Amino acid sequence: MRTLLPSSPATVTTTPQTRRRRRFFIHSSAKRSDSFANGSRSSDWQSSCAILSSKVNSQQQSESLIPAVNGYNNPNDSNLNLVPFDNNNNNNNKSIQSKSKPLSITDLSPAPMHGSNLRVAYQGVPGAYSEAAAGKAYPNCQPIPCDQFEVAFQAVELWIADRAVLPVENSLGGSIHRNYDLLLRHRLHIVGEVQFPVHHCLLALPGVRKEFLTRVISHPQGLAQCEHTLTKLGLNVAREAVDDTAGAAEFIAANNVRDTAAIASARAAEIYGLEILEDGIQDDASNVTRFVMLAREPIIPRTDRPFKTSIVFAHEKGTCVLFKVLSAFAFRNISLTKIESRPNHNVPIRLVDEANVGTAKHFEYMFYIDFEASMAEARAQNALAEVQEFTSFLRVLGSYPMDMTSWSPSSSSSSSTFSL
């Protein structure tokens, strides 16, 4: 499309005759525009629009035939910074290429499939259940081990990782409170969940017998999930908590500790060269840990599949507000799948009377709620609008697809042995 540039003022010469012609042209143009507005020549106007529309459509079709290069439909676009290549002048090519950065194969490669080539942070060392959950959430991903939960959050915020997969609750051990606090402290969004069956094993160095054990180490959740089974085995041992299950197995193998066993996965035994003294020592065969998938940006909620939404809120008017909040969901037939309270670290204690002279005090809490509805649904939006009227703080942690994969306790042991 050509661009008409105005002439320089120095080259324009006017005479009384040209000024009269200009006045006549402006006057006649106004008459023609009025005639179009009055509809006297609407047929000419419609035909002009039809011609213009056909030109635009033909131009769009011609542009759509151009193959996309790295997300750009027009390979001649200046934003691509493509390096020109001239076979007749190699010296000029070298100077041009030294100034401009050429496109690499990664720039021209298509977008990765779901989970492919994603860097996923998890807490623990190789062989941890979190690593297996990350592999289930994002197949063929690049797992990034982190020594602490908060490090996994920071890895995503600092673009060291693309996603994080962290546990939030277990069917036997309950909630992982640390991660609930970190969800509020950091600005990451929940974009999915994974329910992973956990199959615990009692691991020790080769040749060690159970009778000679004096200590069992594992993650606090691992110890809690196997508490009754350890008692039934008749083990008179001390129980010590460490950072993660696979880390306990790594510690025993690295330090050649022969009086200590670890509660970890079968894959951890394979990685660190330990023997399985007891298999399936969790107190319940239906032992499941729920993990959440975290990202820097939220996903767009949908209504074509089951969704779950997680929120956190605080209030300042006592427990009656909690009843009103729950009623907002009950009246709209929205099922709650989780409610968790955590201390409000900003205002941990509130005096009963407004004058701040009383002796009775109340603890202040933040409430976490998961409910089965998508934020794309009107009932969820209306419920949160009502909740906001009763609360002093409200934040949506994420609206994401529910994990609907089926599993059974009988198959969890065999599958976990392969994937953990």
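If you read the sequence from its start, that first residue is 1, and numbering goes on from there. In this text the structure is predicted, and so the values were computed from the model without any measurement.
Side-chain contact between Leu213 and Val208: present, with at least one pair of heavy atoms (C-beta onward) separated by less than 4.5 Å. At least one side-chain heavy atom of Ser175 sits less than 4.5 Å from a side-chain heavy atom of Lys338. Side chains of Val396 and Val312 form no contact here, defined as non-hydrogen atoms less than 4.5 Å apart. Under the 4.5 Å side-chain criterion, counting only non-hydrogen atoms from C-beta, Tyr138 is in contact with Val165. Put simply, the side chain of Pro126 reaches to within 4.5 Å of the side chain of Tyr272, judged on heavy atoms.
Put simply, the side chain of Asp259 never gets that close to the backbone of Thr214: no donor and acceptor are under 3.5 Å apart. A donor-acceptor distance shorter than 3.5 angstrom exists from the side chain of Thr229 to the backbone of Ile281, with no hydrogens or angles considered. Judged by distance alone, with hydrogens and angles left aside, the side-chain atoms of Asp370 form no donor-acceptor pair with the main-chain N or O of Thr337 at under 3.5 Å. The backbone N or O of Ile263 lies less than 3.5 Å from a partner atom in the side chain of Ser218, making a donor-acceptor pair. At distances below 3.5 Å, not a single donor-acceptor pair connects side-chain atoms of Ser310 with backbone N or O atoms of Ile190. Ser265 contributes a side-chain N or O that, together with a main-chain N or O of Ala268, makes up a donor-acceptor pair within less than 3.5 Å. Counting only distance, with no hydrogens or angles, the side chain of Thr309 and the backbone of Ala373 share a donor-acceptor pair below 3.5 Å. Remark: the backbone N or O of Leu277 is not paired with any side-chain donor or acceptor of Arg209 at under 3.5 angstrom. Distance alone, capped at 3.5 Å, places no donor-acceptor pair between the Glu250 side chain and the Ala246 backbone.
A salt bridge does not link Glu340 to Arg342: none of the charged side-chain nitrogens sits closer than 4.0 Å to a carboxylate oxygen. Ion pairing between Lys210 and Glu278 holds under the 4.0 Å rule for side-chain N and carboxylate O. With respect to the salt-bridge test (charged N to carboxylate O, under 4.0 angstrom), the residues Asp283 and Lys232 do not qualify.
Arg395 and Leu188 make their closest contact through NH2-O, 3.8 Å (heavy atoms, listed as atom of the first residue, atom of the second, distance).
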If you look only at distance, which donor and acceptor atoms sit under 3.5 Å apart when one is on a side chain in residues 375-382 and the other is two or more places apart or in another chain?
unit_1	atom_1	unit_2	atom_2	d
Glu377	OE1	Arg379	NE	2.8
Glu377	OE1	Arg379	NH2	3.4
Glu377	OE2	Ser374	N	3.0
Arg379	NH1	Asn333	O	3.1
Gln381	NE2	Met375	O	2.8
Asn382	ND2	Ala378	O	3.1

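Between Asn170 and Asn287, the side chains place a donor N or O and an acceptor N or O closer than 3.5 Å (distance only, hydrogens not considered). Between Asp403 and Gln195, the side chains place no donor N or O within less than 3.5 Å of an acceptor N or O (distance only, hydrogens not considered). Under the 3.5 Å distance criterion, with hydrogens and angles disregarded, no donor-acceptor pair is assigned to the side chains of Glu297 and His189.
The aromatic rings of His315 and Phe367 lie parallel to each other, with less than 30° between the two planes, well short of the 60° mark.
At most 12 non-hydrogen atoms from other residues, nucleotides or ligands lie less than 6.0 angstrom from CD of Gln388. Surrounding CG of Asn236 are at most 12 heavy atoms belonging to other residues, nucleotides or ligands under 6.0 Å away. Remark: Leu158 CG is packed, more than 12 non-hydrogen atoms of other residues, nucleotides or ligands lying under 6.0 Å away. Annotation for Phe393: atom CZ counts as buried by contact number, over 12 foreign heavy atoms lying within 6.0 Å.
Here CZ of Phe313 is found 14.0 Å from OH of Tyr365. Values are rounded to the nearest 0.5 Å. We find the CG-CZ distance between Asp243 and Phe149 to be 9.0 Å, quoted to the nearest 0.5 Å. How far CD of Gln123 is from CD of Glu131: 12.0 Å, rounded to the nearest 0.5 Å.
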Exercise. Show your reasoning for whether ring pair (Phe, Tyr, Trp, His ring centres under 6.0 Å) applies to His200 and Tyr129.
Key: CA-CA 10 Å; His200 287 305; Tyr129 295 104; 5.2 Å; yes
Quiz item: Taking it one step at a time, do Glu193 and Lys308 satisfy salt bridge (Lys or Arg N to Asp or Glu O under 4.0 Å)?
Solution: CA-CA 9 Å; Glu193 66 173 3; Lys308 182 183 293 185; 3.0 Å; yes
Quiz item: Can Asp279 and His199 be said to form a side chain to side chain contact (heavy atoms under 4.5 Å, CB included), step by step?
Solution: CA-CA 8 Å; Asp279 190 14; His199 189 80; 2.8 Å; yes
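Legend: salt bridge (Lys or Arg N to Asp or Glu O under 4.0 Å) pairs involving residues 146-156, not counting sequence neighbours, sorted by first then second residue: Glu150-Arg178, Glu150-Arg185.
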